[in-house]
Protein chains: 2
Amino acid sequence: MTSRKPHPDAVDRPTIEQIQSRILNRICETQYKPGDQLKEAVIAQEFGVSRTPVRDALSRISHLGLVETRNGVGTVVIDLPRERIEHLYEVRFELATLIGKLSPVEIQDHHIAEAREIDAWARRLAKDENSTEYVALNQRLKTLVGELIGNSILRDLWNQSYYQAASVWHRMTEAVGAQAYEHLQRETSELLAAIELRDIAAVGYIQRVHIGYGYQLIRKHLWQDED
Amino acid sequence: MTSRKPHPDAVDRPTIEQIQSRILNRICETQYKPGDQLKEAVIAQEFGVSRTPVRDALSRISHLGLVETRNGVGTVVIDLPRERIEHLYEVRFELATLIGKLSPVEIQDHHIAEAREIDAWARRLAKDENSTEYVALNQRLKTLVGELIGNSILRDLWNQSYYQAASVWHRMTEAVGAQAYEHLQRETSELLAAIELRDIAAVGYIQRVHIGYGYQLIRKHLWQDED
DNA sequence: GGAAGCACAGCTGTATACACGAATCAGCTT
DNA sequence: AAGCTGATTCGTGTATACAGCTGTGCTTCC
């Protein structure tokens, strides 16, 4: 009988998580800027699905506090208030220390290999600036660091707060330009050294230092007029 | 003209957040136990709404890792693996210290009043055990501590991890009985003392101590056979 | 000319119908 | 009798229609 795969017009519909991820990236890339309203119908048509999965994706994103959907209006991208950004950096600053403290993992060879690739990419980017690749590289860095966090709960919190921080950070890098690329390259090279030494605590401290440095940059460039 | 009233009997439909909160509480109260499958249709009928808002609520809860919805099966309550519970307590143990460290708030008179009421309630409960009220009191305690966390991001993470911990904790209190009520009463009285002194750092340390103590209880009663 | 009110257009919130996936059980084969 | 297979049933995943809310621009009245 060979029940043939029906597959009338087998459109490979994107899954909800893919939609969610794509939208999140667009917010982090500042393709969607604070104040923009994301209309479910538009996104739905763009992805070739109905509003239902898009609604679901947006609803999940709203947990991060990056968007807020208002009845009759749309889902608008939030402009994080300064206080919240301060709190965010304070928390990430402290969480960074915990990376090497809670359930440290053993660094594997493939971690080292990945760190080398990332560092090489960062060097290339420092010469040939490209904001899209900059975002992608940061994501890859986030993934690597995430794999080095042995405590699963901490890893979740870390990743979660990453997206909130990234949306602010990438909005700022557009203003500072080359400085951001240099900064990233320094971070990857320090990280590579720590990983090659299989020193997980150092990884955490390096993250801590660069979070602190990033916060100073934000204070200087985003809030210079308010102080 | 016939009365074109759109909705004469305007039933006040529960909002998505109310549904979400109710379901979460049921998981924490262990009314929904690990392995149970929550069927959208059943919950929808119970709340007098369609599946759509229920789906939304469940989808939001799923990000806490307490439930997982599988296609064709249902939304099942997760039995948190031991490792994850360990990680959870590790993280909350560390987060507790940050309560008094990051953006400390000034304790107000109404905080003291609330702490007194909570402590009085805990004393009553210690004599007249009641598991439903026990859960409710813990929630009220969570709310109070949350108001004392000045860092908004930390507060979010704290509350978020609360629900994960509560579902495990309340499942255990059924086993230990009176000991849990005594423990809670000690916690509230210590907390009251710290709050009356307007010592926010002490609040954090007290939480830390009791999280550590709670973890010991879990190790003893839930995993005694595995060690 | 200005301000208040009203109608309209567009978006989200909800309900419902249908498609698809998974598990179970009866009936057949071995 | 045991194991496999196919149909049935019940669940979630998706699409769509409609109801409700909101902001806006026009009209109208002062």
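Letters A, B, ... mirror the listed sequences (proteins, then strands); counts begin at 1.
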Report yes if the side chains of A:Leu95 and A:Ile211 come closer than 4.5 Å at any heavy-atom pair, otherwise no.
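With C-beta onward as the side chain, the pair stays apart.
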
Does some side-chain heavy atom of B:Leu144 sit less than 4.5 Å from a side-chain heavy atom of B:Glu117?
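Sidechains of B:Leu144 and B:Glu117: no contact.
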
Quick one about A:Ser152 and B:His87 (side-chain donor to acceptor, distance below 3.5 Å, no hydrogens or angles considered), yes or no?
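Yes.
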
With B for base contact, S for sugar-phosphate-only contact and - for none (protein heavy atoms under 4.0 Å), nucleotides 8-16 of chain D reads ---BBBBBB

Which donor-acceptor pairs under 3.5 Å do side chains of residues 40-47 of chain B form with protein atoms, sequence neighbours excluded?
unit_1, atom_1, unit_2, atom_2, d
B:Glu40, OE1, B:Arg51, NE, 2.9
B:Glu40, OE1, B:Arg51, NH2, 2.9
B:Glu40, OE2, B:Arg55, NH1, 3.0
B:Glu46, OE1, B:Arg26, NH1, 3.4
B:Glu46, OE2, B:Arg26, NH1, 3.0
B:Glu46, OE2, B:Arg26, NH2, 2.7

Name the residue from A:His63, A:Arg84, A:Gln160 that meets the side-chain hydrogen bond (donor to acceptor under 3.5 Å, both in side chains) definition with B:Asp156.
A:Arg84

